[in-house]
Amino acid sequence: MQGEKDWEKYEVARKLKSCVDSIRNEYLQDLKSKQMVTRQRAVALYFIDKLALRAGNEKEEGETADTVGCCSLRVEHIILHEQLDANECVVEFDFLGKDSIRYYNKVPVIKKVFKNLKLFMENKDPGDELFDRLNTSLLNKHLSSLMPGLTAKVFRTYNASITLQQQLKELTNESDNVAGKLLSYNRANRAVAILCNHQRAPPKTFELSMANLQAKIDARKEQLALAKTELKQAKKEAKTKGSSDPKLQSLVERKKAAVKRCEEQLLNMEVQATDREENKQIALSTSKLNYLDPRISVAWCKNMEVPVEKIYNKTQREKFAWAIDMTEADFEF
């Protein structure tokens, strides 16, 4: 039953693909509406669409931290910059989102959005609501009128999944080995995690585990240098004594294989080190389990000849068994 719910969730997000352009055109038109509530809704939708912000008003029971989402932003949570870092119309966000994770971002926006934000902030104190005419109920009611089942969360799921699919196409190189392809997959996943602000503190054992991995890399480099020296000697001996000796030729082939094996192991370790460093403050699993259509990953595995076990662990494979069973290599979100 959970699998069926997941399938339905991603199918609703897929339907958004067919009408997202018209929805975007509508909220861009609404930015110049005569009604303030319509303008505020349009700006909020712009943020939810472009920045994958949560709608807001979604506190867990008993949560006391001052956490907010898009609709509950206050004036103090944004700073407007006419120009910043060679960009015009920049909005600087700084607030606590879900689970008290800080959202800090500097984003160039279109002029209409910038002008409206100025208008919304006029004659307000820092603690006043930015969108004082709007709440998540009004926003989601409007969204459901545009497409059955559409909510702010569906927008987030759609943008996360479509970003993963696009990034996988751009980053993956078919000629890479499995380790290289997995690095590309994690980089694509990382782009989604950054979009959705899925952060974490670096693991307490991070520095130690990286030091251990670096020691292994250094040891493997020494092994590779030794293997290359032995291969050079074997080739020299075979050339001196003549290439007709099968034992010497066999030795050369074994040394070649040893060099190749060392090179592959070293590459895998270096890729692993890069992957760990890039993702030490990013929670990849949050988006993978909640916002990314698993069929995108399964199809990628089939196309790239990467075992699905490399992407999903046993528990995750059970959760997404429906996707693993039904997905063909030509699946498009």
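For the numbers below, each heavy atom of this structure counts, side chains included, while hydrogens, waters and symmetry mates do not.
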key: Sub-4.5 Å side-chain heavy-atom contact between Glu4 and Trp322   = no

request  = Using side-chain hydrogen bond (donor to acceptor under 3.5 Å, both in side chains) as the criterion, list what pairs up with Thr172, not counting sequence neighbours.
outcome  = Trp300

inquiry  = In this structure, is the centre-to-centre distance between the rings of Tyr312 and Phe320 below 6.0 Å?
reply    = yes

inquiry  = Side chains of Leu119 and Lys115, heavy atoms from C-beta outward: is any pair under 4.5 Å?
reply    = no

key: Charged tip of Arg41 within 45° of Tyr27 ring normal and under 6.0 Å   = no

query = Do Ser287 and Asn189 have side-chain N/O donor and acceptor atoms under 3.5 Å apart?
reply = yes

key: Main-chain N/O of Val43 paired with Asn116 side-chain donor or acceptor, under 3.5 Å   = no

ask   = Taking only residues two or more places apart in sequence, or in another chain, which ones meet Tyr10 in a ring-ring contact (aromatic ring centres under 6.0 Å, His included)?
value = none

ask   = Considering residues, nucleotides and ligands other than Lys15, do more than 12 of their heavy atoms fall under 6.0 Å from its NZ?
value = no

key: Glu328 with Arg295: basic N within carboxylate O range, under 4.0 Å   = no

Check: Phe93 main-chain N/O paired with Lys106 side-chain donor or acceptor under 3.5 Å = no

ask   = Just by modelled atom types, is the Glu129 backbone N or O under 3.5 Å from a matching donor or acceptor in the Lys124 side chain?
value = yes

task = Ignoring hydrogens and angles, tell me if any N or O in the side chain of His77 forms a donor-acceptor pair with the backbone of Arg74 under 3.5 Å.
result = yes

ask   = Given the rule in the side chain to side chain donor-acceptor pair (under 3.5 Å) test, do Ser297 and Tyr185 qualify, once you have shown the distances and angles that lead to the verdict?
value = CA-CA 9 Å; Ser297 299; Tyr185 179 88; 2.6 Å; yes

ask   = Out of curiosity, does Val271 fall in the hydrophobic cluster containing Met304 (side-chain heavy atoms, cut-off under 4.5 Å, transitive links)?
value = no

inquiry  = Leu266 and side chain to side chain contact (heavy atoms under 4.5 Å, CB included): which single residue from Glu264, Glu263, Glu270 fits?
reply    = Glu270

Return a table of donor-acceptor pairs under 3.5 angstrom between the side chains of residues 78-87 and protein atoms on other chains or two or more places apart.
| unit_1 | atom_1 | unit_2 | atom_2 | d |
| --- | --- | --- | --- | --- |
| His81 | NE2 | Glu92 | OE1 | 2.6 |
| Glu82 | OE2 | Lys118 | NZ | 2.4 |

message = Any side-chain to backbone donor/acceptor pair from Asp30 onto Ser33? Under 3.5 Å, distance only.
response = no

ask   = Backbone N or O of Asn290 within a donor-acceptor pair of the Lys9 side chain at under 3.5 Å?
value = yes

ask   = So, does Arg14 use its side chain to make a donor-acceptor pair with the main chain of Asp293 at under 3.5 Å?
value = no

Atom pair CZ/CG of Arg39 and Leu134 - distance to nearest 0.5 Å = 15.0 Å

Ser161 (side chain) donor-acceptor with Tyr291 (main chain) under 3.5 angstrom = yes

inquiry  = Is it the case that the side chain of Thr67 and the backbone of Gly97 share a donor-acceptor pair, with hydrogens and angles ignored and the cut-off at 3.5 Å?
reply    = no

query = Are Gln40 and Asp132 close enough that a side-chain donor and a side-chain acceptor fall under 3.5 Å?
reply = yes

query = Taking only residues at least two apart or on different chains, which pairs with a member in residues 304-317 satisfy salt bridge (charged side-chain N to carboxylate O under 4.0 Å, His left out)?
reply = Lys314-Glu318

Atom pairs and distances, side-chain donor-acceptor, residues 211-219, under 3.5 Å, sequence neighbours left out:
| unit_1 | atom_1 | unit_2 | atom_2 | d |
| --- | --- | --- | --- | --- |
| Asn212 | ND2 | Leu208 | O | 3.4 |
| Gln214 | NE2 | Asp218 | OD1 | 3.1 |

ask   = With Glu207, which residues qualify under side-chain hydrogen bond (donor to acceptor under 3.5 Å, both in side chains), at least two apart?
value = none

request  = Keeping the roles fixed (side chain from Arg156, backbone from Ala52), state whether a donor-acceptor pair exists under 3.5 Å.
outcome  = yes

